[in-house]
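Since the structure comes first, as structure tokens, the remarks are kept for the end.
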Amino acid sequence: MPRPEYRIEPCKSALNHVRRMPFKWSLNPYMGCAHQCTFCYVRAFEARADRPSDDRYGRSIRVKTNVAEVLAHELARPSWQREEVALGTATDPYQPAEGLFQLTRACITELGRARTPFSIVTRGPLVVRDIDVLQDSASRVELSVNVSLPTLDERIWRTTEPATAPPRSRLEAIRRLSEAGVRVNVGVAPILPGLSDRPGMLEEVVRAAKTAGAQSVWANVVYLKPGTREHFLAALANDWPDEATRYEQLFAGRARLPSSFAEPIRERVRSAARAADVPDRQRVRPTTHGPRQLALAL
């Protein structure tokens, strides 16, 4: 897989107002994601913006080099109410670019200084590099790290999340965050019907998350908007041809599965969480939620 191109694009604003979500603000130091997940919902927004949503997505990463400075200015405004900020709504803040530019680290430093609560969603074990900053911020504000861990199955991981860290590496990151006193939750998402939704597989993820120190779990089922659907179905036909026709039928004319289909899958995770004595997100404090499938906020 070719290395991504990094495009330096200073930003005019850092915080983005979000509607109909458990948080009101989002923050994305990068745009574009090198993880190449076949199910990534951001592909749909890239397609809508006439940008590549196929295999080319993630080959060009836009880097907001001044984002921390802009953020510090916005947080210093007298009108700022210190409402929760979510990092990772449109791109992983701990993708490989962060190892070079350290913009996420700079942003969470500013959030902590400004006593602004925040949450992070990531598949990247690089987050453990910032344990010192997270500990410092946690002494001032409530925060959480949400690690996405939809499956422990080797084949499913390699075929659907080809450029991400292995599930066991993410479990190690959860362990290290937990041992450092950082609140860490696990997102069992997206669950892929027919691939990663078997009860035993979901129970294994929840048990492993519990053992690693996760304080809560949340789950969601894949959804496929135009732009994401085409890429996902093409990848599925290549990697899991027996499932391709079934998915075409399941998602014919819709992006989301009906509740009657998706809810029993989510209940399997809730049941596994109860058995493992892991709270679901409805039972934890408001700032420790895991996000629903997110509308794009740039």
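No hydrogens, no waters, no symmetry mates; every other heavy atom, side chains included, goes into these values.
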Looking at [X] and [Y], would you say the former's side chain and the latter's main chain have a donor-acceptor pair under 3.5 Å?
X: R229; Y: R254; answer: yes
X: R268; Y: D197; answer: yes
X: S178; Y: R175; answer: no
X: Q81; Y: S79; answer: yes
X: E5; Y: R59; answer: no
X: N66; Y: P10; answer: no
X: R170; Y: A165; answer: yes
X: T109; Y: R105; answer: yes
X: S271; Y: E267; answer: no
X: E243; Y: L195; answer: no

When you look at D242 and R246, which way does the salt bridge (charged side-chain N to carboxylate O under 4.0 Å, His left out) test go after all the steps? CA-CA 8 Å; D242 292 344; R246 178 169 173 266; over 6 Å; no
Stepwise side-chain contact (heavy atoms from CB on, under 4.5 Å) test for E69 and H73: CA-CA 6 Å; E69 291 80 5; H73 176 74; over 6 Å; no
Per the side-chain contact (heavy atoms from CB on, under 4.5 Å) rule, which among I191, V188, L192, N220 passes with I265?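 Testing each of I191, V188, L192, N220 against I265, the sole residue satisfying side-chain contact (heavy atoms from CB on, under 4.5 Å) is I191.
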Please say which of V127, T104, T122 ends up in a side-chain contact (heavy atoms from CB on, under 4.5 Å) with E98.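 Result: among V127, T104, T122, T104 is the only option passing the side-chain contact (heavy atoms from CB on, under 4.5 Å) with E98.
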Check [X] against [Y] and note the closest heavy-atom contact, atom names and distance.
X: S148; Y: V121; answer: OG-CG1, 3.8 Å
X: A106; Y: A68; answer: CB-CB, 3.6 Å
X: L27; Y: A14; answer: CD1-O, 3.4 Å
X: L257; Y: P193; answer: CD1-CG, 3.7 Å
X: A244; Y: A237; answer: CB-CA, 3.8 Å

From [atom1] ([X]) to [atom2] ([Y]), nearest 0.5 Å:
X: R158; Y: D239; atom1: CZ; atom2: CG; answer: 12.5 Å
X: D153; Y: T159; atom1: CG; atom2: OG1; answer: 8.0 Å
X: L71; Y: R113; atom1: CG; atom2: CZ; answer: 11.0 Å
X: N185; Y: S119; atom1: CG; atom2: OG; answer: 9.0 Å
X: L236; Y: T160; atom1: CG; atom2: OG1; answer: 10.0 Å
X: T164; Y: D92; atom1: OG1; atom2: CG; answer: 9.5 Å

Test side-chain contact (heavy atoms from CB on, under 4.5 Å) applied to F261 and L250, step by step: CA-CA 10 Å; F261 192 101; L250 281 174; 3.7 Å; yes
Does [X] reach the side chain of [Y], with side-chain heavy atoms less than 4.5 Å apart?
X: L87; Y: S26; result: no
X: S196; Y: P150; result: no
X: L233; Y: F251; result: no
X: K64; Y: P29; result: no
X: L134; Y: L177; result: yes
X: W218; Y: V186; result: no
X: V141; Y: T116; result: no
X: V63; Y: R7; result: no

For the ring pair Y247 and F232, is the centre-to-centre distance below 6.0 Å?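 Between Y247 and F232, the centre distance is under 6.0 Å.
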So, for Y6 and F101, is the gap between ring centers shorter than 6.0 Å?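 Close enough - the centres of the two rings lie under 6.0 Å apart.
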Give the cluster check for [X] versus [Y]: same hydrophobic cluster or not, with ILVMFWY residues linked at side-chain heavy-atom distances below 4.5 Å.
X: L149; Y: W157; value: no
X: F39; Y: V147; value: yes
X: L15; Y: V70; value: no

I'd like to know if [X] pairs up with [Y] as an ion pair, taking the criterion as any Lys NZ or Arg NE/NH1/NH2 lying under 4.0 Å from an Asp or Glu carboxylate oxygen.
X: R168; Y: E172; result: no
X: E179; Y: R176; result: no
X: E161; Y: R123; result: yes

More than 12 foreign heavy atoms under 6.0 Å from CZ of R129: is that the case here?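 More than 12 heavy atoms, drawn from other residues, nucleotides or ligands, come within 6.0 Å of this atom.
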Please assess F118 against I120 for the test side-chain contact (heavy atoms from CB on, under 4.5 Å), listing each intermediate value before the final yes or no. CA-CA 7 Å; F118 62 91; I120 297 170; 3.9 Å; yes
Test side-chain contact (heavy atoms from CB on, under 4.5 Å) on L171 and L152 and set out the steps. CA-CA 10 Å; L171 286 169; L152 299 183; 4.0 Å; yes
Any side-chain donor paired with an acceptor under 3.5 Å for E84 and W25?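 Note: E84 and W25 side chains miss the donor-acceptor criterion.
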Pair Q95, T91: side-chain N/O donor-acceptor within cut-off below 3.5 Å: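 Looking only at side-chain atoms, T91 and Q95 do form a donor-acceptor pair, the distance falling under 3.5 Å.
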